[in-house]
There are 2 protein chains.
Amino acid sequence: MIDIYESFENLDEAKKQTILNAGFRIFGEYGYSKASIKDIIKEAGISKGSLFYYFESKKNYFLYLYEYTSNIMKHLVDDPGEDGLPKYLEKTDFFERLDDVKERKMKLAFLHPYMGGFIKKAPFERSQDVYKEIQLINQRLAGERIADFFDKLDIYKFKDGVDPKMVLQLISWCSEGAVSLIQTKNLINPQIKHDELDYKEVIQLYDRYVAMIKKHFYKEEYL
Amino acid sequence: MIDIYESFENLDEAKKQTILNAGFRIFGEYGYSKASIKDIIKEAGISKGSLFYYFESKKNYFLYLYEYTSNIMKHLVDDPGEDGLPKYLEKTDFFERLDDVKERKMKLAFLHPYMGGFIKKAPFERSQDVYKEIQLINQRLAGERIADFFDKLDIYKFKDGVDPKMVLQLISWCSEGAVSLIQTKNLINPQIKHDELDYKEVIQLYDRYVAMIKKHFYKEEYL
DNA sequence: ATATTTATTGACCAATTCGGTCAAAAGTGA
DNA sequence: TCACTTTTGACCGAATTGGTCAATAAATAT
């Protein structure tokens, strides 16, 4: 919440990310109550004393992660790019804007490979320890205006009768599906490091599906 | 493996299903090592003594579930229906055959609502207790012939250039997506019982996406 | 009705794990 | 050298772990 975790924030960036990612991975896999400090420090490669030195308690650590991800996810789409402009309004074509979002998500996935699993599970955490605080964070963020992907979008480019929101949902499922497909494939193959996902492979697969969808749902003159 | 869990098998069907479903739910959510007996018996509504009376150990119980699901999943598609005939070859139309599979999956999902989560996680269980046995079961089942969805299928009905396997994958992602979408929706709404999924809603959603896909990927003369 | 077998329970067990503490060690900059 | 910050893991009491078992209840057989 109020970021007074100075000792943690002053760590060098790489170490901070490692510690965050350990939490994302372990909490994301087991949930709050089943995730143990031991699991987390083993994953992060630090000592138990250090973790409590940074965050004081398991609860604080979890909520720090939740706050962190909530902020990022909330502004994933509409935050200004490096040039300072909110990029998502520049592109009015569905698939161009989609590519913009894809790029942002890619960078994020590269920095925080396990954030996806965490953010999917955390909001529904029922553990008494953290339930109330999660609701509070949710409430606060719910008040903020969120960017609408369909704002000023050329939806006329879709074939008649096609619901663009369904297409977006479909593509969103494709991206999740592509990730889990590659993950599973690599998990079966025992000689591959399971820890790191082959993003190129995921993107390749994802792009094929998006291309197929575009080809059949867009009017021919806009292909 | 060899089913000598007589005491369990002789239970009346309803109780058996309850006990199986408890395992699917808890193991599916937490994984083998983090799932505790206490969690499971609470979910199943039986005493600790009973569970050990039926299965002797946590490990046996888990492997029984894994064996059970593996067999079901393996023969989900090609098993004969109630009339004794393997139905999946009767229909040569992609979407008709798909409907067949959908119906089977529906019945299964109704009987074992949490089997999906279990079967997704269990094969990758890394706990030393059960790892070797899982591999053995996998090996044995890998030898069995599995039905091919595309066998004797009218793939010519697809528009030129469309890869039917990609379409099947896409639809598979839709079904998973529909489930998790409805699940999430109901989870946010606190006054709904979270335990039971509204299958009608899921199917409705799923059907809309399949209809959209069929409309744009099938040649017009076959719509 | 009675005897015998089967099914079910939860208090209890030793062992482990839990989140958290803290004194000591290591590192850092002057 | 000194003062200060960071890092560590042995250690704590409490809770939880998978598993046992004598007792009880229910069902079945005689």
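Please read these numbers as outputs of a predicted model, since none were measured by experiment. Labels below follow one simple rule: chain letters A, B, ... track the order of the sequence lines, proteins then strands, and each chain is numbered from 1.
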Name all residues meeting the side chain to side chain donor-acceptor pair (under 3.5 Å) criterion together with A/Ser50; count only those two or more places apart in sequence or in a different chain, and write none if there are none.
A/Ser47

Can you confirm if the NZ or CZ of B/Lys165 lies within 45° of the ring axis of B/Phe150 and under 6.0 Å from the centre of its six-membered ring?
yes

Pair listing, salt bridge (Lys or Arg N to Asp or Glu O under 4.0 Å) test, anchored in residues 11-24 of chain B, at least two apart:
B/Glu13-B/Lys16

Residues in side chain to side chain donor-acceptor pair (under 3.5 Å) contact with A/Gln169, at least two apart in sequence or another chain:
A/Trp173

Would you call A/Glu67 and A/Arg140 a salt bridge, taking side-chain N to carboxylate O under 4.0 Å as the test?
yes

A/Lys42 side chain N/O closer than 4.0 Å to the phosphate oxygens (OP1, OP2) of D/dG9?
no

Go along nucleotides 11-21 of chain D 5' to 3' and tag each nucleotide: B for a protein heavy atom under 4.0 Å from its base, S when only backbone or sugar atoms are that close, - otherwise.
------SBBBB

Looking at side-chain heavy atoms only, is the closest gap between A/Pro113 and A/Tyr199 below 4.5 Å?
yes

According to the salt bridge (Lys or Arg N to Asp or Glu O under 4.0 Å) rule, which pairs have a member within residues 48-63 of chain B, sequence neighbours left out?
B/Lys59-B/Glu133

Every protein N/O lying under 3.5 Å from an N/O of nucleotides 4-6 of chain C:
none

For A/Ser50 and D/dT8, is the shortest distance between a side-chain N/O and OP1 or OP2 below 4.0 Å?
yes

In whole angstrom, give the distance that lies between atom CG of A/Leu11 and atom P of D/dT5.
15 Å

Should the pair B/Asp39-A/Lys34 be classified as a salt bridge under the 4.0 Å nitrogen-to-oxygen rule?
yes

Between D/dT6 (P) and A/Tyr5 (OH): distance, integer Å
16 Å

For the pair made of CD in B/Glu9 and P in C/dA7, what is the distance, rounded to whole Å?
13 Å

Report the residues that fulfil side chain to side chain donor-acceptor pair (under 3.5 Å) with B/Ser57, sequence neighbours left out, ordered by chain and then residue number.
none

Identify all pairs in which a protein N or O lies below 3.5 Å from an N or O of nucleotides 25-27 of chain D, and state each distance.
none

Residues two or more places apart in sequence or in another chain: which of them pass ring pair (Phe, Tyr, Trp, His ring centres under 6.0 Å) with A/Phe55?
A/Tyr5, A/Phe8, A/Tyr61, A/Tyr64

Round to a whole Å and report the spacing from CG of B/Asp12 to C1' of C/dA7.
12 Å

Using the rule given for ring-ring contact (aromatic ring centres under 6.0 Å, His included), can you reason through A/Tyr66 versus A/Phe24, listing the C-alpha separation, both sets of side-chain angles and the distance that settles it, and then say yes or no?
CA-CA 9 Å; A/Tyr66 189 65; A/Phe24 293 145; over 10 Å; no

Going by ring pair (Phe, Tyr, Trp, His ring centres under 6.0 Å), name the residues that satisfy it together with B/Phe124, two or more places apart in sequence or in a different chain.
none

Listed partners of B/Ser7 passing side chain to side chain donor-acceptor pair (under 3.5 Å), at least two apart
none

To the nearest angstrom, how far is A/Ile41 atom CD1 from D/dT7 atom P?
14 Å

Could you run through nucleotides 23-30 of chain C and give me one letter per nucleotide, 5' to 3': B if any protein heavy atom sits under 4.0 Å from the base, S if only the sugar-phosphate is that close, - if neither?
--------

Counting only side-chain N and O atoms of A/Tyr54, is one of them less than 4.0 Å from OP1 or OP2 of D/dT7?
yes

Tell me the interatomic distance from A/Ile26, atom CD1, to C/dG19, atom C1', rounded to whole angstroms.
16 Å

Salt bridge check, A/Glu201 against A/Lys185: does any charged N sit closer than 4.0 Å to a carboxylate O?
yes

